[in-house]
2 protein chains.
Amino acid sequence: MKELEERIRLQGTVKPGNVLKVDAFLNHQCDVELFDHMGAAWAEHFAGKTINKILTIEASGIGIACVAARHFGNAPVVFAKKAQSINLDGDQYTTTVYSFTKQKEFPVIVSKRYLNEGDHVLLLDDFLANGKALKGLINLCHDAGATVEGIGIAVEKGFQGGGDELRAAGYDVDSLAIVESMDPETGTIEFRS
Amino acid sequence: MKELEERIRLQGTVKPGNVLKVDAFLNHQCDVELFDHMGAAWAEHFAGKTINKILTIEASGIGIACVAARHFGNAPVVFAKKAQSINLDGDQYTTTVYSFTKQKEFPVIVSKRYLNEGDHVLLLDDFLANGKALKGLINLCHDAGATVEGIGIAVEKGFQGGGDELRAAGYDVDSLAIVESMDPETGTIEFRS
């Protein structure tokens, strides 16, 4: 998606340790018009699929998923939680994943009420690096007996391999921008064509 | 807002300890069409105000704010973070608030790049109980020299007083449903008229 690549070139910054900061428009300040265009792009890619639910993970995926949902017939968005809270009770699907950005393990939790056998799920998230968070969401879908119809990602860091692993495992992964390489010294960002 | 009150009556559940669970449509599973109607209601209420930025707090506020933003000319949405991360660097506005639902203190952080003097800010959030999270966001706006033009809330627990304190302090608080009382024994929920 040219628009997203251009925004990354314009406003993204490359930091040491494979960090790509896109907080000007994606995951701290949110450009909701861009999110809407991202939703339209995913809807075009997944046009042949029956999707009745969108699953994402807090926090940065939520805004993207909620704006994109109108391109999927206002499908309900469920966001997995990363911590227990008194607002979470009853039966839950849970798994554990390691966060690259927070540098620690955290739980991923979805109430059994909101993920069911027979659900046809689109997974959406802002970033895909090593794919650990997504594999956690896939595990929750498997536990629930739900079908993962596809995975929509804003920015994939292709050189970290998570996206290609998921494709090799048979998932339809639509990343709107795939960073093939980036250089914190020069700030250069190369996209997969 | 009748639609929201009806959803709360239909799908909300009252738990001991002043907990109102609305995770079926507001803060775990998200009804994005309802969010859109909420955005339209806030846009009507705040029609006379100049608003160039929406500020919310992770996680449950993000989806609501991002969907509502299209009713405010696609104003950028900034979500305050509750934890440090390697994605947060540079100068930050920070404050500390106590969470009723998580039962602990946490930081509230916004990068100085995304909240500025001259910003006219609408604060949006899913819940208002004692108002501690909102007061944290207001502190960040004051630190930045930004103007708080108004506060839009989905569900206010009126009996916990935070909303009325903010109104007494001069803020224009538009809560779409104000719960005046609720009973975990009977499940009864009374709204302020």
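Values reported hereafter were calculated over all heavy atoms of this structure, with side chains retained and with hydrogens, waters and symmetry mates removed. Letters A, B, ... mirror the listed sequences (proteins, then strands); counts begin at 1.
For B:Lys15, the salt bridge (Lys or Arg N to Asp or Glu O under 4.0 Å) partners two or more places apart in sequence, or in a different chain, are A:Asp89. Taking the salt bridge (Lys or Arg N to Asp or Glu O under 4.0 Å) definition, one finds that A:Lys82 meets it with nothing, sequence neighbours left out.
At a heavy-atom cut-off of under 4.5 Å, chain B is reached by no residue from residues 166-193 of chain A. The contact list for residues 63-70 of chain A toward chain B, using heavy atoms and a distance under 4.5 Å, reads A:Gly63, A:Cys66, A:Val67, A:Ala69 by residue number.
We find the OG-CD distance between B:Ser60 and A:Glu58 to be 7.5 Å, quoted to the nearest 0.5 Å. Going from atom NZ of A:Lys21 over to atom CZ of B:Arg113 covers 5.0 Å, rounded to the nearest 0.5 Å.
For chain A, no part of B:Asp31 is nearby; none of its heavy atoms comes within less than 4.5 Å. Proximity to chain A (any heavy atom under 4.5 Å) is shown, for B:Phe79, by both the backbone and the side chain. Contacts between A:Tyr114 and chain B at a heavy-atom distance below 4.5 Å involve backbone atoms as well as side-chain atoms.
Formation of a donor-acceptor pair under 3.5 Å by the A:His28 side chain with backbone atoms of B:Ser111 is found in this model.
Within the 4.5 Å cutoff, the side chain of A:Lys53 has heavy atoms near those of the B:Gln29 side chain.
The candidate from B:Thr56, B:Leu55, B:Val77, B:Ile62 with the greatest count of non-hydrogen atom pairs under 4.5 Å with chain A is B:Val77.
More than 12 non-hydrogen atoms from other residues, nucleotides or ligands lie less than 6.0 angstrom from NZ of B:Lys135.
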